[in-house]
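Contents: one structure, followed by commentary.
Every chain is numbered from 1, with letters handed out A, B, ... down the list of sequences.
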There are 2 protein chains.
Amino acid sequence: MSDTQALEKRRAPVKDTKTSKEGDERHEAIYRSISDAIVEQRLKPGARLREDALAEVFGISRTGIRKILQRLALEQLVTLTPRRGASVTRPTADEAKDVFDARQLIECGLMPDVARRMGEKEAAELREMARQERQALRSGQQSVAIRLSADFHVRLAQLSGNATLAEFVERLCSRSSLILAVYGHRGHLGCESHDHDDLIGYLETGNGERAKAFMSRHLKAIEASLSMVEEEENVPDLQQIFGG
Amino acid sequence: MSDTQALEKRRAPVKDTKTSKEGDERHEAIYRSISDAIVEQRLKPGARLREDALAEVFGISRTGIRKILQRLALEQLVTLTPRRGASVTRPTADEAKDVFDARQLIECGLMPDVARRMGEKEAAELREMARQERQALRSGQQSVAIRLSADFHVRLAQLSGNATLAEFVERLCSRSSLILAVYGHRGHLGCESHDHDDLIGYLETGNGERAKAFMSRHLKAIEASLSMVEEEENVPDLQQIFGG
DNA sequence: AATAGGATTACTGTATACAACAAACAGCAG
DNA sequence: CTGCTGTTTGTTGTATACAGTAATCCTATT
């Protein structure tokens with residue numbers, strides 16, 4: 001296999017001209033590739049992410065991969081253990097609670113601002129996003145639907161006009177997708193499909209308080225739909241059983 | 001000068017045994033060194049942070065410095081421009097508004113939880129922090145006082161029990177220090193010294209709503225104390241003057 | 001004398017090589 | 001047959017070398 005590797009290495013230099021011209025954008029694309037794969041659960045929690053393997057797949061060296069991995073680690077999508085490398089984060093029940101409490105506080109608090117800044121153009125954009133989400137769900141693409149749902153919440157936060165809080169919501173939504181992947185029931189992905197449309201309705205009429213209350217219930221419903229049993233790891237039980 | 005550099009390089013290997021044993025902790029220490037220097041305004045907004053220089057100062061190679069710089073960039077304490085390197089972030093007025101709005105939402109929203117979890121031990125710890133802050137202020141160490149004030153707000157958020165939101169507050173406080181450094185008046189650092197003690201009082205008696213209202217006024221007062229004039233940079237005027 | 005153009009310099013971006021550590025496996029002893 | 005230890009392999013951590021780019025300075029020309 002190392003022979004194949006050696007041969008494939010020759011393909012990298014071909015991209016050099018392109019890489020040097022738009023290196024940052026390539027990094028961004030790779031980052032998003034991995035991020036999407038995690039959020040869409042194609043990379044399952046606990047999956048190991050070896051630097052060599054990623055470097056080979058994306059045709060850049062380990063240096064760049066490490067940079068991306070660190071960014072993902074800071075966003076808590078991957079866990080970086082000192083000499084063991086990177087793996088997709090497996091959120092604990094406590095973390096899940098923290099994330100949803102945080103979403104309650106921030107996303108609900110943002111609704112009045114969003115309602116105030118809501119125009120026809122924004123409403124149309126959100127409706128289109130909700131439509132795509134429904135469509136994905138109907139055609140059985142649950143992974144895609146999860147990501148589109150997260151995108152919807154993020155876009156909503158961005159419409160508040162506060163970039164800092166929008167960024168926080170983005171991170172919370174990414175982690176939520178991970179939480180859904182671990183604790184969610186198959187066939188019931190957090191957001192009910194009509195919920196988002198209802199929400200747009202309240203926002204469109206400028207009814208911030210109503211939207212806030214609705215968002216609160218919406219998030220509570222998602223959280224309630226989770227089954228908070230910590231999946232047993234490979235060899236964890238002994239300590240638990242004997243009261244370690 | 002490059003000769004001196006070449007000679008000094010020999011000092012690095014001496015540390016290797018130590019570095020390899022506790023490399024992570026050393027990185028953490030360096031990170032905090034730089035972070036503190038920024039928050040305490042010993043590194044002023046706009047200051048360039050050359051990788052070579054930092055690498056030499058801390059006795060590690062550029063690789064490690066880059067890692068730290070990237071982390072600081074993600075926290076928005078330093079700005080990383082593509083081929084120009086790193087510099088201390090100079091917050092804009094818009095960013096300042098976003099940050100303080102975010103603090104209003106999050107820190108105020110956290111107060112009821114904090115009040116609920118407040119015990120004697122926690123109150124004592126906070127009073128000690130407030131005392132140190134007053135002392136630093138009295139002895140003219142404004143830089144230190146700014147950092148201690150930020151530490152106070154962060155510790156408060158941690159007492160809410162929500163690690164995720166506490167982390168957000170930490171980042172917001174760091175950026176606030178930067179904002180104070182740029183837009184604050186000399187001699188009037190954001191937090192009034194007695195404010196924090198009053199706040200502890202409300203929290204100690206479990207009066208979450210009162211604490212919430214007080215925190216809101218507290219933050220508003222800090223924001224109001226800023227003079228929101230964007231400092232002229234070195235050579236920026238031409239475009240502004242001629243309506244670029 | 002001032003400006004434009006070119007050359008040099010200084011800095012970052014990237015890859016690769018080397019070293020250290022942890023885990024897995026095999027071999028040996030009980 | 002089971003448990004322990006030594007070796008080997010695989011993977012990360014760190015440094016350094018090389019390349020490319022932007023900024024600065026110097027020179028020449030108008």
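- Between L165(A) and D98(B) there is no side-chain heavy-atom pair separated by less than 4.5 Å.
- Remark: T63(B) is not in phosphate contact with dT14(D), judged by side-chain N or O atoms under 4.0 Å from OP1 or OP2.
- To the nearest angstrom, P of dA15(C) lies 6 Å from CD1 of I60(A).
- Between L43(B) and L49(B), some side-chain heavy-atom pair lies under the 4.5 Å cut-off.
- For the 3.5 Å distance criterion, the side chains of R71(B) and Q70(A) fail to qualify, holding no donor opposite an acceptor.
- Counting to the nearest Å, the P atom of dT12(C) and the CG atom of L54(B) are 9 Å from each other.
- Of the N and O atoms on the side chains of S87(A) and T79(A), not one donor lies less than 3.5 Å from an acceptor on the other residue.
- Within the 4.0 angstrom heavy-atom criterion, only backbone atoms of the sugar-phosphate kind lie near R84(B); the bases stay farther away.
- At the phosphate of dC11(C), OP1 or OP2 sits under 4.0 Å from a side-chain N or O atom of R50(B).
- The CD atom of E56(B) sits 14 Å away from the P atom of dA15(D) (whole-angstrom rounding).
- A donor atom on one side chain and an acceptor atom on the other are found under 3.5 Å apart for E75(A) and Y31(A).
- Look at NE2 on H27(B): it is 16 Å from P on dT12(D), rounded to the nearest Å.
- Using modelled atom types, one finds a donor on one side chain and an acceptor on the other under 3.5 Å when comparing R103(A) with S176(A).
- Spacing between atom CZ of F58(B) and atom C1' of dA15(D) amounts to 18 Å, rounded to whole angstrom units.
- Here dT14(D) presents its P atom at 12 Å from CD of E25(B), a figure rounded to the nearest Å.
- Residue-to-nucleotide contacts include no donor-acceptor pair under 3.5 Å from the side chain of R83(A) to the base of dG10(D).
- Taking atom CZ of residue R62(B) and atom C1' of nucleotide dG13(D), one finds them 17 Å apart after rounding to whole Å.
- The stretch residues 65-78 of chain B touches DNA chain C through R66(B), each having a heavy atom within less than 4.0 Å of the strand.
- Here the closest non-hydrogen pair linking E167(B) and R171(A) is OE2-NH2, 3.1 Å.
- As a whole-Å value, the separation of D52(A) CG from dG13(D) P is 12 Å.
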